[in-house]
Amino acid sequence: MSRFEGVVVSDYWLQSQFTQVQLRSLKSKFIALKSEKGKVPVEDLSAFLVKLKPFSEMFKEDEIMEILSKSGFDTSNEVDFEGFLRTYVTLESQAATKSGDLKSPTSFLNETTTRLLHTIDESEKKSYVAHINSYLRDDPFMKQFLPIDPATNGLFELARDGVLLCKLINVAVPNTIDERAINTKRILNPWERNENHTLCLNSAKAIGCTVVNIGTQDLVEGRPHLVLGLISQIIKIQLLADLNLRKTPQLLELVEDNNDIEDLMGLAPEKLLLKWMNFNLKKAGYKKPVTNFSTDLKDGEAYAYLLNVLAPEYGSPATLDAKDPVKRADLVLSHAEKMDCKRYLTPEDIVEGSANLNIAFLAQIFHQRNGLSTENKNISFAEMMTDDAQMSREERCFRLWINSLGISSYVNNLFEDVRNGWVLLEVLDKVSPGSVNWKQATKPPIKMPFRKVENCNQVIKLGKQLKLSLVNLAGNDFVQGNKKLILAFLWQLMRFHMLQLLKNLRSRSQGKEITDADILKWANKKVKITGRTTQMESFKDKSLSSGIFFLQLLSAIEPRVVNWNLVTKGVSDEEKKLNATYIISVARKLGCSIFLLPEDIMEVNQKMILVLTASLMYWSLQQSKDEIESSPSSVAETPEGSPEPSFNGDDNSHVGTEITNLSIDDVASDTAVISNDDTSL
């Protein structure tokens, strides 16, 4: 199962200053420095600290020594690991003071869940507690723990089992998690808690959350700033779900020129929300543009004008006549309540300019009454959104994969956001570190079209260096937004990254490349070793649609993970979907970061089937660090009280002697100019 690991520090306050990801990283650095006594001289420590990213541009080595001396560190002495952590915290505080940056980031979709100063906003906490109490009060399992008292730490205590966060993800994006995979006993052991948090974090990535600097142990400990940061992202995704042209085509009314539609499609939900607000404020006669969710909304005037134009029947002259901003904000909230908007923030939150809560409030207003016309525009929206279902699913998969890599950019609309080449360069730098020549790259915003082409040309150059098949593909194809070619390129890049990860884990690979055939062979052998006869002929094998093979594979690599009492025969479409959703959640519960949907398994999308199999192989190799061909000699046990049933057709499965090619242009049909003969198995 997922390993239950954590770096434990005796000083609880000191431990609370770091995430487990940070602690593990710093621990490894300290071990590399320490002497035979297990300690590090302070003078060596300053030479090391000055090279670290948070401090390299802020201090010189002698400045660090001076700070440590003034802070009470004996520079002639040695420090242990906890002393090392204290020096780090001291310097982090000094760096914050020196830069004057004492504010925590507010845009959780564009920032990681780690804040420089580990503080929490009580107003945000109160708002999120109200949201949870409202949306989960009827949940069969959660209702016994609700309502949560916002005045206590009940939220963080309840989050420690992982069930609350998993349930909240399903509220934000329904059916993301198969709730049959959640451990929901009233008292969970450490392994079960860890499984829930692993499922939570991998599922959070699958809906677009950024969780780069957070680990399962951080959630098990219920660390307030991390839990609140993750909850903020999940709730924001829920509230902004309708802020796109697919869900709300009426948003086309926000642009006057058809040429601006592409720019509209590329806007992040928050920016689209601002554009919508300014559109309505202009109709209301409000002269000042709103450019942010904080200072521009503090006086409440913009809200008063917005609500008067959206719901004039509830308006009152007293709102704008009020001289006291708090009084005006209170009248604004009363107006919104009459529109059935939940009161999750206070007048003081508006006056103080709480960006996250203002976003949530505006999103509720938009959801209740957006003021947009339902009449058809001259341009046909249907012509713009002609993607077939498979193309849409693959766009989603690649977008989420890119966002999970921890690059600085956040992709909202794949086809629009990659057109300037910058995001693709960031991805390439993650997949092949050091390969990008940043001196020859132009960072957005990019006004000159030829600069976009230059970025994309470097993408093509690097792709060829990685031996991707890019026949007749030019940088301008990305700039023009050719969807089929963008998907085909990203598939190759994702596959390359996946195979490199597997190659690095293979203990005796001796530089040998991992192939698709190796992955297929590994999966079949794992299942066969357990005494089962089901095999897959290729990643296009239609029998995979039942889900039985992957459930057997999951059970083979971790015997207790599959509850066979929940598995269907996978004959009807309904049974296949139940199995497919269960497979995805169980894989995420193990620790696999995957972005496919149940339909990809049901329809046997060969790309997504390959990714799923490779992810399971990667997890298995991480646990054992054994050679691909090595397997346990005994038959795997099924979970207690859940023996695997016998499914019809199991004995008739066989391994084919010839494996079909895996072509990257299935999504692009036979019109795509990219081919990938290198993917033959």
| task | Could you grab the distance from atom CG of Asn482 to atom CZ of Arg419, nearest 0.5 Å is fine? | result | 10.5 Å
| task | Identify the two heavy atoms, one from Arg588 and one from Leu596, that lie closest to each other, and give their separation to 0.1 Å. | result | NH2-O, 3.9 Å
| said: For a quick check under 3.5 Å, do Thr530 and Gln552 share a side-chain donor-acceptor pair by atom type? | reply: no
| request: Considering only NZ, NE, NH1 and NH2 on the basic side and carboxylate oxygens on the acidic side, decide whether Glu558 and Lys589 come within less than 4.0 Å. | output: no
| request: Could you tell me whether Arg560 and Glu195 make a salt bridge, using a distance below 4.0 angstrom between a side-chain N and a carboxylate O? | output: yes
| Are the side chain of Arg180 and the backbone N or O of Leu566 linked by a donor-acceptor pair below 3.5 Å? | yes
| task | Please determine if Lys577 and Glu574 form a salt bridge, counting it only when a charged side-chain N lies under 4.0 Å from a carboxylate O. | result | no
| said: Please give me the minimum heavy-atom distance between Asn194 and Thr216, naming the atom from each residue. | reply: OD1-OG1, 2.7 Å
| said: Under the criterion side-chain hydrogen bond (donor to acceptor under 3.5 Å, both in side chains), I'd like the reasoning laid out for Ser408 against Glu426: C-alpha separation, chi angles, the key distance, then a yes or no. | reply: CA-CA 8 Å; Ser408 59; Glu426 287 188 285; 2.3 Å; yes
| task | Could you tell me whether Asp516 and Arg495 have a side-chain N and a carboxylate O separated by less than 4.0 Å? | result | yes
| query | In terms of ring plane angle, is the pair Phe478 and Phe489 parallel, tilted or perpendicular, where the classes change at 30° and 60°? | reply | perpendicular
| Regarding Asp541 and Ser538, is there a side-chain donor-to-acceptor distance under 3.5 Å anywhere? | no
